[in-house]
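So the structure is just underneath, and the comments pick up after that.
Residue numbering restarts at 1 for every chain, and letters A, B, ... go by the order of the sequence lines.
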There are 2 protein chains.
Amino acid sequence: MADVAPRRQPTLDEVAERAGVSRSVASRALNNAPHVSRAKREAVERAVRQLGYVPNPTARALATRQTGAAALVVSGEDPSIFADPFYAQVIVGASSALEEADLHLMLCLAASDRGRKRVRELFRSKGADGVMLMALREDDPLAAVAEEAEMPVVFGGRPVGSTPRWYVDVDNVGGAREATEYLVSRGRTRVAAICGRLDTEAGRARYRGYRDALLAAGLEPLPPQEGDFTEPSGAAAMAVLLAHHPDVDGVFAANDNMAAGALRTLRSAGRAVPADIAVVGFDDLTVAQVADPPLTTVHQPITALGREMARMLVAVVNGHDPTPLILPTRLVVRTSA
Amino acid sequence: MADVAPRRQPTLDEVAERAGVSRSVASRALNNAPHVSRAKREAVERAVRQLGYVPNPTARALATRQTGAAALVVSGEDPSIFADPFYAQVIVGASSALEEADLHLMLCLAASDRGRKRVRELFRSKGADGVMLMALREDDPLAAVAEEAEMPVVFGGRPVGSTPRWYVDVDNVGGAREATEYLVSRGRTRVAAICGRLDTEAGRARYRGYRDALLAAGLEPLPPQEGDFTEPSGAAAMAVLLAHHPDVDGVFAANDNMAAGALRTLRSAGRAVPADIAVVGFDDLTVAQVADPPLTTVHQPITALGREMARMLVAVVNGHDPTPLILPTRLVVRTSA
DNA sequence: CCTGATCTTGGGAGCGCTCCCACTGGAAGC
DNA sequence: GCTTCCAGTGGGAGCGCTCCCAAGATCAGG
């Protein structure tokens with residue numbers, strides 16, 4: 001058995017006693033609220049130092065009805081979705097913004113039924129001061145949970161088919177359009193799309209951008225070749241594309257992972273990139289730089305996405321009503337197109 | 001201003017009243033503890049359902065002195081360390097194990113001074129039931145914090161220069177040795193090492209494994225060419241290596257990111273891989289599969305690492321004293337060596 | 001010197017839950 | 001028939017904090 005040190009933490013009452021003041025005064029001094037004389041304030045500070053007092057966050061949470069934590073919920077059918085480096089960057093951004101507001105970050109991967117149930121419980125029990133919700137799919141069970149929740153919810157990316165009150169998104173349509181326009185501007189005329197899951201808003205929006213651009217250029221869009229945002233699915237989609245449309249000379253992939261997969265298929269099929277086929281990705285993750293050839297891709301400000309989500313959530317928690325935010329993308333030209 | 005729905009949650013007292021029992025009985029029924037008659041148990045369940053009652057986790061935490069949360073703390077000088085997909089996989093594993101124990105996951109990136117201060121506060125205020133601590137460097141300020149903490153701490157990877165009571169690590173020495181032995185077995189005689197930060201135990205251990213293998217084969221190890229586990233640092237290290245030891249015919253990189261960087265440098269230097277130089281990585285992340293040529297690398301069970309850390313922590317929290325764990329690695333042969 | 005306004009102060013009532021404990025009544029043991 | 005035991009029950013005292021409020025202290029203005 002582990003020997004648990006049973007020494008109890010000092011409480012606010014003990015601090016107060018030691019400082020020769022009442023609990024109320026000690027509490028006020030601690031939260032540097034007004035109505036505390038300089039002398040007592042200092043006495044409290046001294047007692048805190050001597051006793052090594054640290055306030056008990058749980059007790060404070062119970063009294064104030066604020067947990068001091070914000071949750072980041074990532075939906076998905078299986079946990080592997082979270083392995084996408086995308087989320088790590090979101091977390092970096094969110095974490096820094098929450099740090100400023102002195103909130104803790106709870107991370108919930110709502111992949112299993114059990115996980116979803118726990119998220120539901122979290123919502124209903126108000127186990128956090130607010131929630132950032134990402135990666136919702138069409139008919140996602142979490143959508144309803146968020147709906148009925150009496151808790152601030154900020155969406156990362158819009159859910160399919162509805163526009164929530166608070167969200168931060170990236171200009172998916174614009175980014176995809178720009179990427180496709182670029183392919184067209186380089187003289188590509190048979191441009192295909194390897195799109196992401198079409199039960200996600202990002203997947204749909206990026207296909208829409210691709211489609212818009214081709215139509216505007218008087219070219220014919222190909223039907224969506226659907227992947228699931230993973231490298232293997234991109235490789236597979238590229239293989240199908242090559243089989244059905246051997247004359248394709250440009251590919252817009254809805255993210256870098258799938259673009260990397262496409263590159264792999266093209267390599268083994270002996271097609272030169274970008275000479276025979278140009279490839280553009282989306283995200284601008286590390287994989288885009290490491291790929292061979294380095295990927296021309298649509299950069300999206302992922303860390304900023306996380307940061308802004310957290311900031312927006314903090315604003316809502318503090319009683320404000322911020323306006324939704326759509327972050328810009330920009331095309332990063334490398335070698336693949 | 002956001003309109004906050006002020007409807008209060010039902011409390012246990014209300015459930016008890018509705019069910020016609022005392023608060024004690026209701027509590028026992030809820031936690032399905034013994035000493036509750038079947039009739040009352042059902043009455044309570046009914047009341048819970050009718051009222052839509054959900055227990056208040058904060059109040060429970062205060063009463064039981066258990067927060068119901070475990071923290072994963074990732075140390076580091078700047079947040080970018082967390083962008084490594086490695087941590088995402090650790091989280092997937094930890095999350096699933098914590099889910100089983102019905103604990104929430106708090107994520108703390110202790111990159112800034114502010115972040116470290118908050119972690120310290122977390123430790124001192126017992127803001128979590130236990131902590132998983134990763135990526136400690138030599139003289140890491142968090143080491144002291146963890147030391148004085150009266151809280152279960154499980155380390156992910158050993159810290160430099162000390163062996164904590166509870167940790168889960170990967171067989172870094174063995175993995176590096178196997179990788180290097182493989183290079184030697186393929187006839188490579190001038191094998192260099194691009195090692196990770198030598199102020200981390202993983203960085204040191206992997207270099208040690210490399211060194212051991214060469215010495216055992218009667219070959220001369222080269223001095224460590226230090227990187228920081230990032231792709232650019234691997235590229236830079238490879239460039240230095242090429243300049244100082246033009247005759248190198250094999251490289252062991254301490255992780256896949258750096259191996260990918262090395263590949264990039266070799267490509268632009270016109271060296272063929274593996275014909276001229278063989279390259280082996282470590283981690284077996286997605287990048288290893290996507291790299292060109294696909295990386296031969298040392299696979300480490302990262303998700304299992306996270307899972308076992310969480311399980312170990314749960315064991316400690318429950319008063320047990322589990323023994324440290326060292327997870328095996330295995331060489332995955334692809335094309336680069 | 002008195003009145004009212006303002007600042008300090010501490011008592012006490014929660015926040016919503018767990019858990020100890022004293023009490024009941026019926027089954028079991030002698 | 002009488003203890004003995006124990007499942008079942010509810011009262012009450014916390015857990016450690018915040019915050020309302022009444023009361024005392026201080027100070028200005030008239």
Sorted by chain and residue number, the side-chain hydrogen bond (donor to acceptor under 3.5 Å, both in side chains) partners of Ser24(B) (sequence neighbours excluded) come out as none
Residues at least two apart in sequence or cross-chain that pass side chain to side chain contact (heavy atoms under 4.5 Å, CB included) with Arg41(A), listed by chain then number, are Ala29(A), Asn32(A), Val36(A), Glu45(A)
Residue pairs passing the salt bridge (charged side-chain N to carboxylate O under 4.0 Å, His left out) test with at least one member in residues 301-320 of chain A, sequence neighbours excluded, are Glu308(A)-Arg311(A)
Sorted by chain and residue number, the side chain to side chain contact (heavy atoms under 4.5 Å, CB included) partners of Ala310(B) (sequence neighbours excluded) come out as Ala94(B), Ala97(B), Leu98(B), Met132(B)
Contacts satisfying salt bridge (charged side-chain N to carboxylate O under 4.0 Å, His left out) that involve residues 133-144 of chain A (not counting sequence neighbours) are Arg137(A)-Asp140(A), Glu138(A)-Arg204(A)
Distance-only criterion, 3.5 Å: show the donor-acceptor pairs between side-chain atoms of residues 48-55 of chain B and protein atoms not counting sequence neighbours.
{"unit_1": "Gln50(B)", "atom_1": "OE1", "unit_2": "Arg18(B)", "atom_2": "NE", "d": "2.8"}
{"unit_1": "Gln50(B)", "atom_1": "OE1", "unit_2": "Arg18(B)", "atom_2": "NH2", "d": "3.2"}

Per side-chain contact (heavy atoms from CB on, under 4.5 Å), Met134(A) is matched among Leu305(A), Val73(A), Val154(A), Val168(A) by Leu305(A)
Rounded to whole Å, CD of Glu42(B) lies from P of dG8(D) at a distance of 13 Å
**Message:** Run the side-chain contact (heavy atoms from CB on, under 4.5 Å) test on Leu12(B) and Ser27(B) for me, step by step, so that the C-alpha distance in whole Å, both residues' side-chain angles and the decisive distance to 0.1 Å come before the verdict.
**Reply:** CA-CA 7 Å; Leu12(B) 187 55; Ser27(B) 173; 3.8 Å; yes
| Given dC15(D), is OP1 or OP2 found less than 4.0 Å from the side-chain N or O atoms of Asn56(A)? | no
Sorted by number, residues from residues 58-67 of chain B placing a heavy atom under 4.0 Å from DNA chain D are Leu62(B), Ala63(B), Arg65(B)
Residue set satisfying side chain to side chain contact (heavy atoms under 4.5 Å, CB included) with Asp78(A), at least two apart, ordered chain then number -> Ser80(A)
To the nearest angstrom, the CG-C1' distance between Asn31(B) and dG16(C) comes to 13 Å
In whole angstroms, the gap separating P of dC19(D) from CG of Asn32(A) amounts to 13 Å
B/S/- along nucleotides 5-12 of chain C (protein heavy atoms under 4.0 Å) is --SBBBBB
Rounded to whole Å, the CG-C1' distance (Leu12(A) to dC15(C)) equals 16 Å
Residue set satisfying side chain to side chain contact (heavy atoms under 4.5 Å, CB included) with Ala33(A), at least two apart, ordered chain then number -> Arg28(A)
Whole-Å distance, Lys126(B) NZ to dG16(D) P, equals 11 Å
Anything under 3.5 Å between a protein N or O and an N or O of nucleotides 22-28 of chain C, put it in a table, one pair a line.
none

Residue pairs meeting salt bridge (charged side-chain N to carboxylate O under 4.0 Å, His left out), one or both in residues 82-97 of chain A, sequence neighbours left out, come to none
